[in-house]
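Take a look at the structure below.
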Amino acid sequence: MCTSDEKPEKQPQALSKAELEQKIKAYNSQIKSNLFMSLNKDGSFTGFIKVQLKLVRPVSVPASKKPSCLQDRKGSGRSQPIKRRTSFYLPKDTSKHLHLSSRTPASEVIQALLRKFTVLDNPRKFALFERTEQEGQVSLRKLTDEEEPLKLRLLSGPCDKTLSFVLKENETGEVNWDAFSMPELQNFLRILQREEEEHMRQIVQRYTRCREKMQEALASRTPG
């Protein structure tokens, strides 16, 4: 089975209201659940998509902890919990159904998913992918922020094997540093400094050894 990534953006075909109504009717006749699509008077439609979360790294979720000093203090009244973050690995193959409009862009789908799982990380750290399978070949394509997943779902039909949606880390050629918090950036700077110092130490050590060997070679030779 082959996998390919980053195919060009798809342009969904424009449908008339009659064609759209027929497509939705055909779609609803194929599903075996109550996750139907509905056509609205303004020409938009609503329905459901299923998104599978395939995240390699942990996500940040809120954690509330009441300080022990406030628990032991008498007569201080009701105290407010202190909001903290904690890292958490989402279970493998976690998935979620979302009810959305045909006008809901991929960027809002990502935000809705993060809210569902109370993830505090910046949405720009994640990307929504379209997964398709045809004749044994699996393809992954990252959706742009403006693409509308429900339209893709309708045009493809309800079969998840033909088309499905996956949330993954937003891996790009360039790192989006604006998506990281101040503590994360400060930690990266400390790591970068340590790596730079170690790299410089290795370079100095290598040139020192080379210089010593050349000096030894010169010293062993008798001037002719």
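All values below come from the heavy atoms of this structure, side chains included, with hydrogens, waters and symmetry mates left out. Quick caveat, the model's predicted, so the values are computed rather than measured.
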Checklist line | salt bridge (Lys or Arg N to Asp or Glu O under 4.0 Å) assessment of Arg103 paired with Asp42 | finding: CA-CA 11 Å; Arg103 294 171 181 168; Asp42 62 359; 3.3 Å; yes
Item checked: Whether Asp145 side chain and Ser107 backbone form a donor-acceptor pair below 3.5 Å -> no
Check: Cluster question for you: counting only ILVMFWY and a side-chain heavy-atom cut-off of under 4.5 Å, with indirect links fine, are Leu120 and Val109 together?
Finding: no
Next item on the list: Heavy atoms only: give me the nearest Ile31-Pro158 pair and the separation to one decimal.
Entry: CG2-CB, 3.4 Å
Checklist line | N/O donor-acceptor pair under 3.5 Å between Ser102 side chain and Phe45 backbone | finding: yes
Next item on the list: Identify whether Phe36 and Leu152 are in the same connected component of the hydrophobic contact network (ILVMFWY, side-chain heavy atoms under 4.5 Å).
Entry: yes
Check: If you measure from CG on Leu150 to CG on Leu98, what distance do you get to the nearest 0.5 Å?
Finding: 10.5 Å
Checklist line | Phe48-His99 aromatic ring centre distance below 6.0 Å | finding: yes
Notebook entry, point to check: Can any side-chain N or O of Glu169 pair as donor or acceptor with the backbone N or O of Val56 at less than 3.5 Å?
Noted result: yes
Item checked: Residues Arg141, Thr132; criterion side-chain contact (heavy atoms from CB on, under 4.5 Å); working and verdict -> CA-CA 8 Å; Arg141 184 182 67 88; Thr132 57; over 6 Å; no
Note to self: If I compare all heavy atoms of Ile110 with all of Pro123, which pair ends up nearest, and what's the gap?
What the structure shows: CG2-O, 3.9 Å
Next item on the list: Give, for atom CD of Glu130 and atom CZ of Phe165, the distance between the pair rounded to the nearest 0.5 Å.
Entry: 6.5 Å
Next item on the list: Calculate, to the nearest 0.5 Å, the distance between atoms CD1 and OG belonging to Ile24 and Ser29 respectively.
Entry: 12.0 Å
Check: Is the number of heavy atoms from other residues, nucleotides or ligands under 6.0 Å of Gln30 CD greater than 12?
Finding: yes
Check: Can Arg57 and Asp121 be counted as an ion pair, charged N to O under 4.0 angstrom?
Finding: no
Next item on the list: Could you tell me whether Arg131 and Glu133 have a side-chain N and a carboxylate O separated by less than 4.0 Å?
Entry: yes
Checklist line | Check: Arg153 main-chain N/O paired with Ser156 side-chain donor or acceptor under 3.5 Å | finding: no
Notebook entry, point to check: Any side-chain heavy atom of Lys50 within less than 4.5 Å of one from Leu35?
Noted result: no
Note to self: Checking Asp160 against Ser164: is there a side-chain donor and acceptor pair closer than 3.5 Å?
What the structure shows: no
Notebook entry, point to check: With respect to Glu197, which candidate in Arg194, Gln193, His199 satisfies the side-chain hydrogen bond (donor to acceptor under 3.5 Å, both in side chains) definition?
Noted result: Gln193
Note to self: So which atom in Pro149 and which in Ala106 form the shortest heavy-atom distance, rounded to 0.1 Å?
What the structure shows: CD-N, 3.9 Å
Next item on the list: Give a yes or no on this: more than 12 heavy atoms of other residues, nucleotides or ligands lie within 6.0 Å of atom CD of Glu21.
Entry: no
Notebook entry, point to check: Going through the checks in order, is the salt bridge (Lys or Arg N to Asp or Glu O under 4.0 Å) test met by Lys213 and Glu216?
Noted result: CA-CA 5 Å; Lys213 288 184 180 296; Glu216 289 173 2; 5.5 Å; no
Next item on the list: Could you grab the distance from atom CG of Leu185 to atom CZ of Arg190, nearest 0.5 Å is fine?
Entry: 11.0 Å
Check: If you measure from CG on Leu20 to NZ on Lys25, what distance do you get to the nearest 0.5 Å?
Finding: 14.0 Å
Margin query: Using only atom types and a distance under 3.5 Å, with no angle test, would you say the side chain of Asn122 pairs donor to acceptor with the backbone of Arg124?
Written below: yes
Next item on the list: Taking Glu195 for its side chain and Leu192 for its backbone only, find out whether a donor-acceptor pair lies under 3.5 Å.
Entry: no
Next item on the list: Only pairs at least two apart or in different chains count here, so list each side chain to side chain donor-acceptor pair (under 3.5 Å) that has a residue in residues 201-211.
Entry: Glu198-Arg201, Glu198-Gln202
Notebook entry, point to check: When rounded to the nearest 0.5 angstrom, what is the spacing between NZ in Lys125 and CG in Asn170?
Noted result: 11.5 Å
Next item on the list: Evaluate the criterion side-chain contact (heavy atoms from CB on, under 4.5 Å) for residue pair Phe129 and Leu167; output intermediate values, then yes/no.
Entry: CA-CA 6 Å; Phe129 287 80; Leu167 184 75; over 6 Å; no
Check: Is there a side-chain contact (heavy atoms from CB on, under 4.5 Å) between Phe117 and Thr94 once you walk through the steps?
Finding: CA-CA 10 Å; Phe117 291 95; Thr94 298; 3.5 Å; yes
Note to self: Treating Asn28 as the side-chain partner and Met37 as the backbone partner, does any N or O pair qualify as donor plus acceptor under 3.5 Å?
What the structure shows: yes
Margin query: Using the rule that Ile, Leu, Val, Met, Phe, Trp and Tyr join whenever any side-chain heavy atoms are under 4.5 Å apart, tell me whether Leu100 and Leu155 fall into a single cluster.
Written below: yes
Checklist line | Minimum heavy-atom distance between Gly157 and Tyr27, given as atom pair plus value | finding: C-CE1, 3.6 Å
Next item on the list: Flag yes if more than 12 heavy atoms outside Gln111 fall under 6.0 Å of its CD atom; otherwise flag no.
Entry: yes
Notebook entry, point to check: Are Lys96 and Val51 close enough, and set up right, to give a side-chain contact (heavy atoms from CB on, under 4.5 Å), and what steps lead you there?
Noted result: CA-CA 5 Å; Lys96 190 73 178 178; Val51 182; 5.6 Å; no
